[in-house]
Amino acid sequence: MTEPTNARFPARDLCGTMLVHRRLLNESMTYRARRAAIEARALRYEQGRRAPVRTEVVTIPVVVHVVHNRAVPADDIADEQIHSQIEALNRDFRAANPDVAKVPDVWKALVADVRVEFRLATRGPGGEPATGIVRVATDRHDFTVDDAVKSGVTGGSDPWPSDEYLNLWVCRLRGGLLGYAQFPGGPPQTDGVVILNTAFGTTGTAAHPFDGGRTATHEIGHWLDLYHIWGDDDGACTSDDKVADTPNQADANYGLPSFPRVTCDNGPNGDMFVNYMDYTDDAGMFMFTRGQAARMNACLEGVRASFLVSPAAKEAPVKEEHLTRAMPEVRHPSHDGDVERLLQDSERLTTEVLNDIRAAIGMVGGHPDR
C-alpha cells in the first residue's frame with residue numbers, strides 16, 4: 001500500500017461491504033424493498049427536494065466488541081487503542097482532522113463537517129453503567145464476511161440493540177480484508193461494522209499503512225449509506241456512488257496517488273482519491289463531501305432516525321479534548337415538531353417498505369420472502 005500509483009499494486013478488495021450487500025440482495029426480498037425506499041429518500045436529499053431537519057451535532061453511542069483469539073494475547077487490544085479510534089472518527093466526521101489541509105484546492109470548498117460524533121456507550125442495554133467495550137475470547141483463528149463474529153454461537157459477540165448503538169466488532173479478518181459494514185436496511189441482528197484488529201485506531205497493534213483510523217471512517221460511511229466513490233462497476237465508468245459532487249472514476253485507488261489522476265474522462269481534476277470512500281492508504285484520505293453529508297443526513301433522518309431520539313443517544317456526551325478546533329456543544333433535536341417529523345418519517349418509510357414487499361410478493365404469486 002506504499003506505491004504512489006495503482007501500478008504494480010495487486011487488485012483486491014480491502015472492504016467487504018459490497019459482498020455483504022449483494023448477498024443480502026440475493027437472499028432477501030425485504031432487504032431489496034428497504035434499499036429501494038432508502039435510495040428514493042436519498043435522491044430527494046441529493047436533488048434538494050428535501051431539506052435536513054437537524055441543525056445540531058448528533059452523538060452516536062458505540063459499543064466495541066473485541067473478539068480475540070485466546071491463544072494470541074495481542075489480539076485483545078488495549079483500551080487506549082479503542083479510544084484512539086473514537087478520537088480519529090470524531091476528527092474525520094467533523095472535518096477537524098489536521099490533514100484536511102492537504103485536500104487539493106479544487107475540492108476544498110466541498111469539504112463537509114458531517115455533524116456526527118461518536119462516544120463509547122456509558123449505559124448498557126438495560127440502563128446499567130458500561131464502558132462501551134465488550135471483550136470476548138474465542139477459539140476461532142479469524143473471521144470473514146459471513147457475520148460469524150456477530151454471534152456468540154459462532155465464536156463471536158452478540159450485538160447490543162442496533163437501533164440504539166453502533167456495534168463495532170474488532171477481530172482478525174482473512175483474505176486481506178480491512179473491514180466491512182452492513183448498509184442500512186439489513187437485518188438488525190447483524191447491523192454494524194467489522195474492523196481488522198491491526199487496522200483499528202492509531203496506536204497499539206494498528207499497523208502501517210492502515211494506522212490512522214480511516215478503515216473505521218470508511219466503513220461507518222457505508223453504515224450511513226455511502227457507496228464506494230467509484231461505483232463498484234469494475235472500471236466500466238457506467239456507475240457511480242449516487243453523489244453528484246464526487247467525480248466518477250474507473251476503479252479504486254490504492255497507496256498514495258499523485259494529483260491529478262484522470263480516469264473515466266474526468267479531467268482536468270480526475271479522481272477524488274483523497275475521499276474516505278476510496279481505498280487509498282490512511283495517510284492519503286482526508287474528506288467527505290457536502291453531497292456525501294447530504295446522503296448521510298437522509299439516512300440519519302430516515303432509516304437511522306432512532307439515533308436522533310433514542311435514550312442512549314440522549315445521554316450526556318463525554319467531553320472530547322482531542323479535537324484540533326473548538327466544536328459546538330453537542331445537542332439533539334429539541335423542538336417537539338422536529339422530533340415528531342422524524343418519527344413520522346420513520347413510520348412512513350416503514351409503511352412504504354411494507355407496501356413494496358406486499359407488491360413484490362403479489363408479483364411472484366404469493367411466495368414468501370426468502
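When reading the values below, keep in mind they use all heavy atoms of this one structure, side chains included, and skip hydrogens, waters and symmetry mates. Since the model is a prediction, treat every value here as computed from it, not as a measurement.
Residues E128 and R123 are not paired through a salt bridge, judged by the lack of any N-O separation under 4.0 Å between the basic side chain and the carboxylate. With respect to R91 and D99, no salt bridge is recorded, no charged nitrogen being found less than 4.0 Å from a carboxylate O.
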_Using the rule given for salt bridge (charged side-chain N to carboxylate O under 4.0 Å, His left out), can you reason through K150 versus D147, listing the C-alpha separation, both sets of side-chain angles and the distance that settles it, and then say yes or no?_
CA-CA 5 Å; K150 301 176 182 178; D147 289 333; 3.0 Å; yes
*Worked verdict on R35 versus D225 for salt bridge (charged side-chain N to carboxylate O under 4.0 Å, His left out)*: CA-CA 10 Å; R35 288 302 305 164; D225 205 33; 2.8 Å; yes
*asked:* Would R135 and D75 count as a salt bridge (charged side-chain N to carboxylate O under 4.0 Å, His left out) here? Give the steps.
replied: CA-CA 11 Å; R135 298 181 182 275; D75 286 358; over 6 Å; no
_Go through it in stages, so that I can follow the logic: the residues are R290 and D245, the test is salt bridge (charged side-chain N to carboxylate O under 4.0 Å, His left out), and I'd like the CA-CA distance, side-chain angles, deciding distance and then a yes or no._
CA-CA 8 Å; R290 293 178 181 271; D245 63 4; over 6 Å; no
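The one candidate from V66, V72, D142, V170 that meets the side chain to side chain contact (heavy atoms under 4.5 Å, CB included) condition with N197 is V170. Between F288 and the choices T217, V111, V243, the side chain to side chain contact (heavy atoms under 4.5 Å, CB included) rule is met once, by T217. Evaluated for a side-chain hydrogen bond (donor to acceptor under 3.5 Å, both in side chains) with R214, the options D281, D282, D92 yield exactly one hit, D92.
In this structure, Y227 has its ring center closer than 6.0 angstrom to the ring center of F183. For H228 and Y279, the distance between ring centers is under 6.0 angstrom. Between Y31 and H21, a ring centre-to-centre spacing shorter than 6.0 Å is recorded. Ring to ring, H218 and Y276 are not that close: their centroids are 6.0 angstrom or more apart.
The OG1 atom of T215 sits 6.0 Å away from the CD1 atom of I195 when rounded to the nearest 0.5 Å. Taken from CG in D240 to CG in D233, the straight-line distance is 8.5 Å, to the nearest 0.5 Å. Summarising the geometry, atom CH2 belonging to W230 is positioned 10.5 Å from atom CG belonging to N275; distances are rounded to the nearest 0.5 Å.
Applying the 6.0 Å contact sphere to CD of Q189 captures more than 12 heavy atoms from other residues, nucleotides or ligands. Other residues, nucleotides and ligands place more than 12 heavy atoms under 6.0 Å from the NZ atom of K108. Sparse packing is recorded around CG of D234, with 12 or fewer heavy atoms of other residues, nucleotides or ligands lying under 6.0 Å away.
Within the 4.5 Å cutoff, no side-chain heavy atoms of V58 are placed close to those of R304. Y165 places a side-chain heavy atom less than 4.5 Å from the side chain of P125.
Between the side chain of T203 and the backbone N or O of Q81 there is no donor-acceptor pair closer than 3.5 Å. One N or O on the side chain of T138 and one on the backbone of R140 form a donor-acceptor pair closer than 3.5 Å. A distance-only check finds a donor-acceptor pair linking the side chain of E301 to the backbone of V53 [under 3.5 Å].
Seen from the ring of F93, R115 does not count as a face-on cation partner, given the 6.0 Å and 45° thresholds.
Side-chain atoms of D139 and N69 form no donor-acceptor pair, as typed in the model, at a separation below 3.5 Å. Side-chain contact check for T280 and N253: no donor-acceptor pair (N or O, by modelled atom type) lies under 3.5 Å. In this structure, a donor-acceptor pair under 3.5 Å is present between the side chains of E219 and T17.
By the rule that hydrophobic residues join a cluster once side-chain heavy atoms approach within less than 4.5 Å of another member, I38 and L43 end up as members of separate clusters.
Taking the six-membered ring where the residue is Trp, F273 and F259 present tilted rings, their angle falling between 30° and 60°.
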